[in-house]
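The structure under discussion appears below in the form of C-alpha cells.
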Amino acid sequence: MTSQIKSPPLKNCPKTVIDRAGLDCLFDSLRVRGFTVVGPTVRDGAIIYDNLGSTNDLPMGWTDEQEAGSYRLKKRSDKALFGYTVGPHSWKKYLFPPRQRLWMAKRQGRSFSIENNDPPENSKFAFIGVRSCELHAIGIQDRVFIGDKFIDPVYKSRREQAFIVAVNCGQAGGACFCASMNTGPKAESGFDLALTEILNRKSPYFVVEVGSAAGAEVMGDIPQRQLAEKDEQAAEAVVAGATSQMGRAMEVEGIRELLPDNPDHPRWEEVAKRCLSCANCTMACPTCFCSTVEDTTDLTGDHAERWKRWDSCFTMDFSYIHGGFVRQETKSRYRHWITHKLSTWHNQFGSSGCVGCGRCITWCPVGIDITEEVGAIRASLS
Amino acid sequence: MVQPRKPKLAVWKFASCDGCQLSLLDCEDELLAVAGAVDIANFPEASRAVAKGPYDLSLVEGSITTPHDAERIHKIRRNSKYLITIGACATAGGIQALRNFQDVREFISIVYAHPEYIESLKKSTPIAEHVFVDFELRGCPINKMQLVEVISAFLNGRNPNTPRHSVCMECKMRGAVCVMTARGIPCLGPVTQAGCGALCPAYNRGCYGCFGPMETPNTPSLSKWWKKLGANDPDLVRAFRGFNAYAEEFRRESEAHEVR
C-alpha cells in the first residue's frame, strides 16, 4: 500500500542489533545528515510527537492506558523507550501541516502581483517510532496527496525528504484494532529502519531491520552486532504479544455494502444523540485529509493571503454550497464520515480509510467507538 | 487625485466591563493601521473627541439593561450603516444576564440604599434582540486578531473568517492534548465556538465557554459525560451559566439541571 517514492525497499531486509548507545548514534547520524529528529515524548499528560534533542527525551518507563473517551499516562515497571501505543498526535501534522500559507498577493497600482511561494522551511524530518498502523496511514495519505494526477507540493516535498524509523509494537492498547484491519502490529514495509525493542533485565536493546538503501547508509555509521537466533525469536515474541492484546476488533467482512446499504438505519439517530460534532475524531485520525482555504486581507487591502487549514466533515461549513448546508443534521455528518472511512474510500482510493489505530475512539470526548457503531448495525441485521 | 473619504468608525458602550473595546486599543501593532484606514469618530476609551454621525461602522459593546439604553441603541442603529456587536455582553447578554434567572427587583432592594432611583430592566439582553445586527463577534473578551479580521473584512467588502465550529478543532490544530480525555477535567470545548485559539485547554484547564455555543452544540450529551467524570447538577448549572448564560443553548442546558 505504501507508495515507494523514496529509495526502493531492500529485497531481503538485513537485520542487526543495536543497544541504547547505538540508538544515540542513530539520532546523531540523522542530525548530521540535516534531519530534524521528531518523535514521542511526554508532555501535558500524554505521549505526543515533538522535536527530540536526544534519546533522553523519549518516554522512558512510560505507557498509556486507553479506553473509549479516556487516555491515561502510566508508569511502567521497566525502562522501555517505546512501551506505549499511539497518542493524540499523528505524523500527519508534519506531512500535512494544520495551517499553511499557500500564497500572498500585493496590490501594485491598479494591478497586483502574487508573491510567494514561501521558501521551503526546514522540513526534512526523521520520524522516530512510527507504528505499523501509522505507516499504513502515511501510505493512505500518499495515495490521496501524491498518488494521482493532482499533487500536493508541500506534502510531496516533506514526504520525499522524510526518514522513517518504525517501531514494532510490543503491546496493544485498549482502543487498538490494527490486527483486524490487517495493518499491524508488525511493520512490513514503508520504512527506512524498523526497530523491535527487546526488554531484558539490564537495558533494552533493539533488533533493527533495514528497509531501504537510505536506511542501510545511515546504519553504516552505527555500532552494531550480528543478529543471533535468540534475538530473532525475542523480536517475534514481542510482536506476537501485541497481536494477542488487541483491545478491539472491527469485523470488515461485507463492510463496503453494510454502511451504504443502510442509510436510514435507526442507529444513525442514536449515535447522533451522543455525537458532539466537535470534529475531534477527524482531527486525531491519521488518514483524514480534508482542508479548507481562507482568504484574508490586511486593513489597507494592499496585502492578501490565502491559507489552507485542516477542516472536518463534522463542521457545517464543510457541506456549504450556494444556498445552504447539505449535511445539517449530526446524523448525516456521522454517517458520511464512517461510510467514507470504511466503505466509499475503497471506491475512491482502493483501500479502507481506517488503519485501526483507535485514535477516534480514545479522543472522542464522549467515547463513541467506530467498531461498536459498525457492530450495532451489523448485529441488528443478522 | 482626490483621496477617497475614509470610513467613519464609532465604538459604543452599553452594560459591559470595557474589556472588548480595550481589545481594540490592545491591538498595538495593528492600531496605527486601523487609525490609518478609518476615521475614529467616537471611541471614548481612546479619545474625548466625538465626530457626528452618520457612521459607516459601529462597534457595539455591552448588553441592554436599562430603558434608557433600550432607546439609545435605536439611535445608534439609525446612525450606522453597519453595526457589529462585540463580546459576550452584546451578543448574549453577558455575565449580568445571570439576573435573567432571578428577580432583579430583589437584588436592587438589597444592594441600593435608595432603590427608587434605580431604573433597570428585568433582563439583560443582547443587542440583536433590539435592533438589526450585521455581524456578531463572540468572546469574553473578544480575540483582538478576530476584531482586526472583522474590521479588515468590512473595509475590503469580504466575509470575515470567524469559524463557528468547536474549540476542539483549535485545540487539535495547535497540538494541545485534550484535558477531558487525558486528565478527566470537565471541558466546555466541544460545545463552544472557536475563536480564542484554545487558550485554556492549552494551559491544562477546561474551556469556560467564553465564545458561546458553537454552531451545533450537543449540550445534553456533553453534560452526560461530565456526570461520568464526577460533575453533579449544580456543577453543570454553574458551568453553563457563565459569560454566555443567556445564549439560547447554554440557557436551556443550565435550566435542565436546575434542582427545583
Side-chain angles (χ1 to χ4, degrees), chain A residues 43-50 64 66-73 87-89 93 97-99 272-284 292 294-301 303-304 307 309-312 314-318 325 328-330 333 362-368, chain B residues 27 30-38 148-149 151-161 163-185 187 189-192 194 201-204 214-222 224-226 228-229:
Chain A
R43 183 153 321 143
D44 296 331
I47 294 165
I48 59 146
Y49 298 150
D50 205 347
D64 49 59
Q66 302 192 34
E67 261 313 314
S70 170
Y71 176 105
R72 290 293 181 278
L73 204 54
H89 290 187
K93 72 170 184 167
R99 289 177 200 278
K273 283 191 187 130
R274 287 175 285 136
C275 176
L276 304 172
S277 64
C278 62
N280 271 303
C281 47
T282 54
M283 299 285 108
T292 186
E294 286 176 350
D295 289 342
T296 181
T297 53
D298 69 352
L299 289 155
T300 61
H303 180 98
W307 286 74
R309 68 158 174 86
W310 286 1
D311 199 5
S312 167
F314 281 89
T315 70
M316 286 287 268
D317 280 344
F318 186 86
F325 304 96
Q328 301 203 7
E329 294 171 298
T330 300
R333 281 179 255 166
T362 298
W363 299 98
C364 173
V366 292
I368 295 172
Chain B
C27 285
E30 296 80 15
L31 192 59
L32 285 177
V34 175
V38 298
V148 171
E149 166 64 14
I151 296 174
S152 302
F154 160 77
L155 290 171
N156 292 290
R158 63 174 174 86
N159 282 328
N161 296 306
R164 296 212 52 212
H165 58 63
S166 70
V167 170
C168 301
M169 281 182 68
E170 292 189 311
C171 232
K172 288 284 187 285
M173 280 196 264
R174 70 181 282 173
V177 177
C178 177
V179 296
M180 199 150 74
T181 305
R183 295 173 191 268
I185 298 172
C187 177
V191 297
T192 300
Y203 289 91
N204 293 322
M214 52 87 91
E215 54 195 5
T216 52
N218 187 347
T219 51
S221 173
L222 185 68
K224 230 179 186 172
W225 198 266
W226 273 43
K228 263 182 91 166
L229 297 176

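To find a chain, count down the sequence lines: A is the first, B the second, and so on, and within it residues start at 1.
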| field | Residue among Q328(A), H89(A), K93(A) with most heavy-atom pairs under 4.5 Å to chain B | value |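 Max contact count across the listed options: H89(A).
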Distance, nearest 0.5 Å, that separates [atom1] of [X] from [atom2] of [Y]:
| X | Y | atom1 | atom2 | result |
| --- | --- | --- | --- | --- |
| C171(B) | W363(A) | SG | CH2 | 10.5 Å |
| E149(B) | T297(A) | CD | OG1 | 6.5 Å |
| L299(A) | C27(B) | CG | SG | 8.5 Å |
| E170(B) | M283(A) | CD | CE | 11.0 Å |
| M169(B) | C278(A) | CE | SG | 10.0 Å |

Under a 4.5 Å heavy-atom cut-off, does chain B meet the side chain of [X], its backbone, both or neither?
| X | answer |
| --- | --- |
| T362(A) | both |
| D295(A) | backbone |
| R43(A) | backbone |
| I48(A) | side chain |

Segment of [X] engaging chain A (4.5 angstrom heavy-atom cut-off):
| X | value |
| --- | --- |
| M173(B) | both |
| L155(B) | side chain |
| A37(B) | side chain |

Checking the side chain of [X] only, and the main-chain atoms of [Y] only, is there a donor and an acceptor separated by less than 3.5 Å?
| X | Y | answer |
| --- | --- | --- |
| E294(A) | N161(B) | no |
| W225(B) | P365(A) | yes |
| N156(B) | D298(A) | yes |

For residues [X] and [Y], report the shortest heavy-atom separation together with the two atoms involved.
| X | Y | value |
| --- | --- | --- |
| P163(B) | R309(A) | CG-NH2, 3.7 Å |
| G45(A) | R183(B) | N-NH2, 3.3 Å |
| R158(B) | T296(A) | NH2-OG1, 3.5 Å |
| A272(A) | N218(B) | O-ND2, 3.4 Å |

Can you list, pair by pair, the side-chain donor-acceptor contacts under 3.5 Å of residues 175-182 of chain B, counting residues two or more places apart and other chains?
none

| Does any pair with a residue in residues 272-283 of chain A pass side-chain hydrogen bond (donor to acceptor under 3.5 Å, both in side chains), and if so which ones, sequence neighbours excluded? |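 The answer is E270(A)-R274(A), R274(A)-E373(A), S277(A)-T216(B), N280(A)-K172(B), T282(A)-S312(A).
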| query | Side chains of E215(B) and T315(A): closer than 4.5 Å at any heavy-atom pair? | reply |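 Side-chain contact under 4.5 Å: yes.
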